[in-house]
Visitor: 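Okay, handing you the structure first.
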Amino acid sequence: MLGVDFNYQFIDWQHDPTPDEEFHHLGTLTALVSSPNITVGLNDWWNFSIIQMLGNRYMTWGADTTSKHHRDEGSESNFTNAIGGYLGDTKVMVRYLLFNAGRGPGVRLFLGGGMAIPSENTLTSDPFFLNGTTIEEHRHFSMSEGVYKAIFETQFFIKRMKNPVFMGGTLTIEEPLKENEHGFQASRLIDLSITAFTKKLKPINGSLGGSLMIRNTTKAYWNGIVAPNSESSLLIPGAGILWNLKFATVMLNVQKPVFLKGSSSGTEASLNEKTNAWQISLSMRKILDYYIPWLYW
């Protein structure tokens with residue numbers, strides 16, 4: 001199976017003056033990220049996937065003054081504490097189909113695990129200057145966190161004869177394995193996502209769906225010191241449309257992230273940060289009528 005996910009995220013943010021810059025900070029942060037992927041069925045129970053993240057994050061600076069913390073810039077360029085580029089993490093996953101009801105109604109349960117392999121397009125030093133040194137120009141964002149992570153995943157879905165005909169959820173845990181060469185220890189990420197879809201509706205020639213994601217990150221560290229606001233909790237409701245077209249299965253989804261704890265820019269919570277975020281995703285999947293001969297000798 002071949003697939004690709006496109007995700008566009010827009011965040012309008014602002015926060016109070018910082019101790020070293022006595023003026024209001026505001027701007028936007030946008031991200032356009034694609035994740036081409038391929039899944040190969042090793043047999044009736046096991047499959048293997050490779051997912052590659054590619055894209056760009058871009059910040060605009062809305063204040064009429066110069067700041068060491070923010071400016072108009074994108075993650076594709078190098079900076080004093082960042083290696084720029086378009087390459088994000090590479091994820092390698094293996095999944096086992098524990099329960100499968102086939103084409104008809106019933107339960108599907110996948111168990112999976114794998115690893116996230118970071119790219120070099122990451123931050124190379126602490127953007128918070130937690131060791132007390134003088135604050136210099138720096139960047140807070142990049143395409144990769146630069147950390148190897150172990151991934152655990154489980155998917156549980158039920159197909160029914162009445163609405164919603166398809167519903168279920170996914171639990172994903174990404175556990176950083178060690179501090180990287182630049183002194184950064186990433187957060188543990190936990191995602192719980194619940195999804196449901198209706199039967200095919202003639203007016204739109206597709207199915208309507210709703211989703212709810214709960215995302216939590218634990219504390220991250222720079223050189224053993226807690227990174228400000230790395231601990232966060234988000235509630236992400238969404239709505240979408242699913243089309244089964246001749247060339248592929250296509251899903252369009254709109255989501256509204258709500259920060260219950262933490263912030264988008266990593267600034268101190270005491271700075272009274274305000275954010276307004278939206279994201280749109282487009283996913284396409286194509287099952288190929290092809291098998292790899294040497295897997296079935």
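These numbers come from the heavy atoms of this one structure, side chains and all, not from hydrogens, waters or symmetry mates.
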Visitor: Decide yes or no on salt bridge (charged side-chain N to carboxylate O under 4.0 Å, His left out) for Lys274 and Asp16, but give the supporting numbers first.
Guide: CA-CA 9 Å; Lys274 298 178 182 179; Asp16 291 344; over 6 Å; no
Visitor: For a quick check under 3.5 Å, do Thr218 and Ser187 share a side-chain donor-acceptor pair by atom type?
Guide: no
Visitor: Should Trp243 and Met284 be counted in the same cluster of Ile, Leu, Val, Met, Phe, Trp and Tyr side chains packed under 4.5 Å apart?
Guide: yes
Visitor: Please step through side-chain contact (heavy atoms from CB on, under 4.5 Å) for the pair Ile83 and Thr124, ending with a clear verdict.
Guide: CA-CA 7 Å; Ile83 300 174; Thr124 57; 3.7 Å; yes
Visitor: Is it possible for you to say whether Ile280 and Leu208 belong to one hydrophobic cluster, with membership spreading through side-chain heavy-atom contacts below 4.5 Å?
Guide: yes
Visitor: Could you tell me whether a side-chain N or O of Asn121 sits under 3.5 Å from a main-chain N or O of Leu87, the two making a donor and an acceptor?
Guide: yes
Visitor: Under 4.5 Å between side-chain heavy atoms, counting indirect links through other Ile/Leu/Val/Met/Phe/Trp/Tyr residues: same cluster for Leu242 and Ile204 or not?
Guide: no
Visitor: Indicate the atoms forming the closest heavy-atom contact of Arg160 with Pro105, along with that distance.
Guide: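 Closest heavy-atom pair between Arg160 and Pro105: CA-CB, 4.5 Å.
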Visitor: How about Trp278 and Phe10: are their ring centroids closer than 6.0 Å?
Guide: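 Judged by ring-centre distance (under 6.0 Å), Trp278 and Phe10 do not meet the cut-off.
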Visitor: Does the side chain of Asn276 come under 3.5 Å of the side chain of Lys256 through a donor N or O and an acceptor N or O?
Guide: yes
Visitor: Are Gln155 and Thr170 close enough that a side-chain donor and a side-chain acceptor fall under 3.5 Å?
Guide: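 Checked: Gln155/Thr170 side chains show no N/O donor-acceptor pair below 3.5 Å.
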Visitor: Report yes or no: is the cationic atom of Arg139 (NZ for Lys, CZ for Arg) under 6.0 Å from the centre of the six-membered ring of Phe141, at an angle within 45° of the ring normal?
Guide: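 That pair qualifies as a cation-pi contact.
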Visitor: Does Leu260, at its CG atom, have more than 12 non-hydrogen atoms belonging to other residues, nucleotides or ligands within less than 6.0 Å?
Guide: yes
Visitor: Any sub-3.5 Å donor-acceptor pair from Lys199's side-chain atoms to Met161's backbone N or O?
Guide: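 Answer holds: yes.
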Visitor: Does a donor on one side chain sit under 3.5 Å from an acceptor on the other, for Asn216 and Ser233?
Guide: yes
Visitor: Assess, by modelled atom type and distance only, whether the side chains of Asp20 and His69 contain a donor and an acceptor separated by less than 3.5 Å.
Guide: yes
Visitor: Given 3.5 Å as the limit, does a donor-acceptor pair link the side chain of Thr154 with the main chain of Phe110, or not?
Guide: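 It does hold such a pair.
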Visitor: Looking just at side-chain N and O atoms, do Ser283 and Asp5 make a donor-acceptor pair shorter than 3.5 Å?
Guide: yes
Visitor: Are a donor atom and an acceptor atom from the side chains of Thr133 and Asn131 found within less than 3.5 Å of each other?
Guide: yes
Visitor: How long is the span from the NZ atom in Lys219 to the CD1 atom in Ile225, to the nearest 0.5 Å?
Guide: 13.5 Å
Visitor: Is any side-chain heavy atom of Val94 less than 4.5 Å from a side-chain heavy atom of Trp46?
Guide: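 Contact flag for Val94/Trp46 side chains = yes.
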Visitor: When rounded to the nearest 0.5 angstrom, what is the spacing between CG in Leu2 and CD1 in Ile287?
Guide: 10.5 Å
Visitor: Taking all atoms of both residues into account, what is the closest heavy-atom pair of Asn81 and Pro127, and its distance?
Guide: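 Reported closest heavy-atom pair: ND2-CB, 3.9 Å.
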Visitor: Go through the steps to decide whether Thr198 and Asn163 satisfy the test side chain to side chain donor-acceptor pair (under 3.5 Å), and finish with yes or no.
Guide: CA-CA 5 Å; Thr198 67; Asn163 281 326; 4.7 Å; no
Visitor: Do Gln14 and His24 pair up side chain to side chain, a donor and an acceptor below 3.5 Å, judged on atom types alone?
Guide: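 Their side chains do contain a donor-acceptor pair, which is all the 3.5 Å distance test asks for.
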Visitor: Can Asp72 and Thr60 be counted as having a side-chain donor-acceptor contact under 3.5 angstrom?
Guide: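 There is no such pair between these side chains.
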Visitor: What closest approach, in Å, do Asn180 and Glu145 show between heavy atoms, and which atom pair accounts for it?
Guide: ND2-O, 3.5 Å
Visitor: Can you see whether Gln9 engages Gln279 through a side-chain donor-acceptor pair at a distance of less than 3.5 angstrom?
Guide: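 Judged by distance alone, the side chains do pair up.
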Visitor: I would like to know whether Met115 and Leu177 meet side-chain contact (heavy atoms from CB on, under 4.5 Å); could you show each step before the answer?
Guide: CA-CA 10 Å; Met115 177 175 289; Leu177 297 179; 3.9 Å; yes
Visitor: Could you check whether the rings of Phe184 and Trp222 sit parallel, tilted or perpendicular, using 30° and 60° as the cut-offs?
Guide: tilted
Visitor: Atom CZ in Phe129, atom CD1 in Ile135: separation rounded to 0.5 Å?
Guide: 6.5 Å
Visitor: Checking side-chain contact (heavy atoms from CB on, under 4.5 Å) for the pair Met251/Leu282: CA distance, chi angles, key distance, verdict?
Guide: CA-CA 6 Å; Met251 184 171 68; Leu282 177 67; over 6 Å; no
Visitor: For the pair Lys68 and Glu137, find out whether any cationic side-chain nitrogen is under 4.0 Å from an anionic carboxylate oxygen.
Guide: no
Visitor: Could you tell me if the side chain of Asn253 sits less than 4.5 Å from the side chain of Ser211, heavy atoms only?
Guide: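 Yes, close enough: below the 4.5 Å cut-off.
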Visitor: Minimum heavy-atom separation for Ser142 to Arg57, with atom names?
Guide: O-NH1, 2.9 Å
Visitor: Determine whether a donor-acceptor pair (N or O, by modelled atom type, separation under 3.5 Å) exists between the side chain of Asn229 and the backbone of Ala227.
Guide: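 Side chain of Asn229 to backbone of Ala227: no pair is present.
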Visitor: Donor-acceptor pair, distance only, cut-off 3.5 Å: does the side chain of Asn78 make one with the backbone of Gly84?
Guide: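 Yes, because the side chain of Asn78 sits within donor-acceptor range (under 3.5 Å) of the backbone of Gly84.
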Visitor: Are Val107 and Tyr96 linked, directly or through intermediate hydrophobic residues, by side-chain heavy-atom contacts shorter than 4.5 Å (ILVMFWY only)?
Guide: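 Yes, because Tyr96 and Val107 connect within a single hydrophobic cluster, where side-chain heavy atoms sit under 4.5 Å apart.
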Visitor: Looking only at non-hydrogen atoms, find the nearest pair between Ile50 and Thr90 and report the distance.
Guide: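 Of all heavy-atom pairs spanning Ile50 and Thr90, the closest is CG2-CG2, 4.2 Å.
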Visitor: Return yes if some donor-acceptor pair links the side-chain N/O of Gln255 with the main-chain N/O of Gly238 below 3.5 Å, else return no.
Guide: no
Visitor: So do Phe156 and Ile158 actually touch side chain to side chain, heavy atoms under 4.5 Å?
Guide: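 When only atoms from C-beta onward are counted, Phe156 and Ile158 do touch, with a gap below 4.5 Å.
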Visitor: Over 60° means perpendicular and under 30° means parallel, so classify the ring planes of His70 and Trp13, tilted if in between.
Guide: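 Geometry flag for His70 against Trp13: tilted rings.
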Visitor: May I have the step-by-step check of side-chain contact (heavy atoms from CB on, under 4.5 Å) for Met93 and Ile151, ending in yes or no?
Guide: CA-CA 8 Å; Met93 297 290 298; Ile151 304 173; 3.8 Å; yes
Visitor: So, do Ser207 and Phe197 sit near enough that their side-chain heavy atoms are less than 4.5 Å apart?
Guide: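 When only atoms from C-beta onward are counted, Phe197 and Ser207 do touch, with a gap below 4.5 Å.
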Visitor: What distance separates Leu212 CG from Leu192 CG, expressed to the nearest 0.5 Å?
Guide: 8.0 Å
Visitor: Answer with yes or no whether the hydrophobic clustering places Leu288 together with Val250; edges join I, L, V, M, F, W, Y residues whose side-chain heavy atoms lie under 4.5 Å apart.
Guide: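 No; Val250 is not reachable from Leu288 via cluster members.
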Visitor: Considering non-hydrogen atoms only, spot the tightest contact between Ser67 and Trp61 and give its length.
Guide: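 In this case the closest contact between Ser67 and Trp61 is CB-CZ2, 3.6 Å.
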Visitor: Look up atom CD1 in Ile51 and atom CD1 in Ile38, then write down how far apart they are to the nearest 0.5 Å.
Guide: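 Rounded to the nearest 0.5 Å, the CD1-CD1 separation comes out at 11.0 Å.
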Visitor: Do Phe152 and Thr172 come close enough that some side-chain heavy atom pair is under 4.5 Å?
Guide: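 The answer is no, as the side chains (C-beta and beyond) never meet within the 4.5 Å cut-off.
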Visitor: Nearest 0.5 Å, what's the NE2-CG distance between His138 and Leu123?
Guide: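 Reported to 0.5 Å precision, the distance equals 10.0 Å.
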Visitor: For the residue pair Ser49 and Arg95, confirm or rule out a side-chain donor-acceptor distance under 3.5 Å.
Guide: yes
Visitor: Under 4.0 Å between a side-chain nitrogen and a carboxylate oxygen: does that hold for Glu174 and Arg188?
Guide: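 Salt bridge between Glu174 and Arg188, a charged N being under 4.0 Å from a carboxylate O: no.
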Visitor: Please confirm whether the ring centroid of His140 lies under 6.0 Å from the ring centroid of Phe128.
Guide: yes
Visitor: State, yes or no, whether a side-chain contact exists between Asp89 and Ser144 at a heavy-atom distance under 4.5 Å.
Guide: yes
Visitor: Quick one, Asn205 and Lys200 - any side-chain contact, counting heavy atoms below 4.5 Å?
Guide: yes
Visitor: Say whether, by atom type as modelled, one donor and one acceptor occur between the side chain of Asn56 and the main chain of Glu76 under 3.5 angstrom.
Guide: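 Yes, because the side chain of Asn56 sits within donor-acceptor range (under 3.5 Å) of the backbone of Glu76.
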Visitor: With a 4.5 Å limit on heavy-atom distance, are the side chains of Pro118 and Tyr148 in contact?
Guide: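 A side-chain contact under 4.5 Å exists here.
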Visitor: Please confirm whether the backbone N or O of Ser230 pairs with a side-chain atom of Thr217, one donor and one acceptor, at under 3.5 Å?
Guide: yes
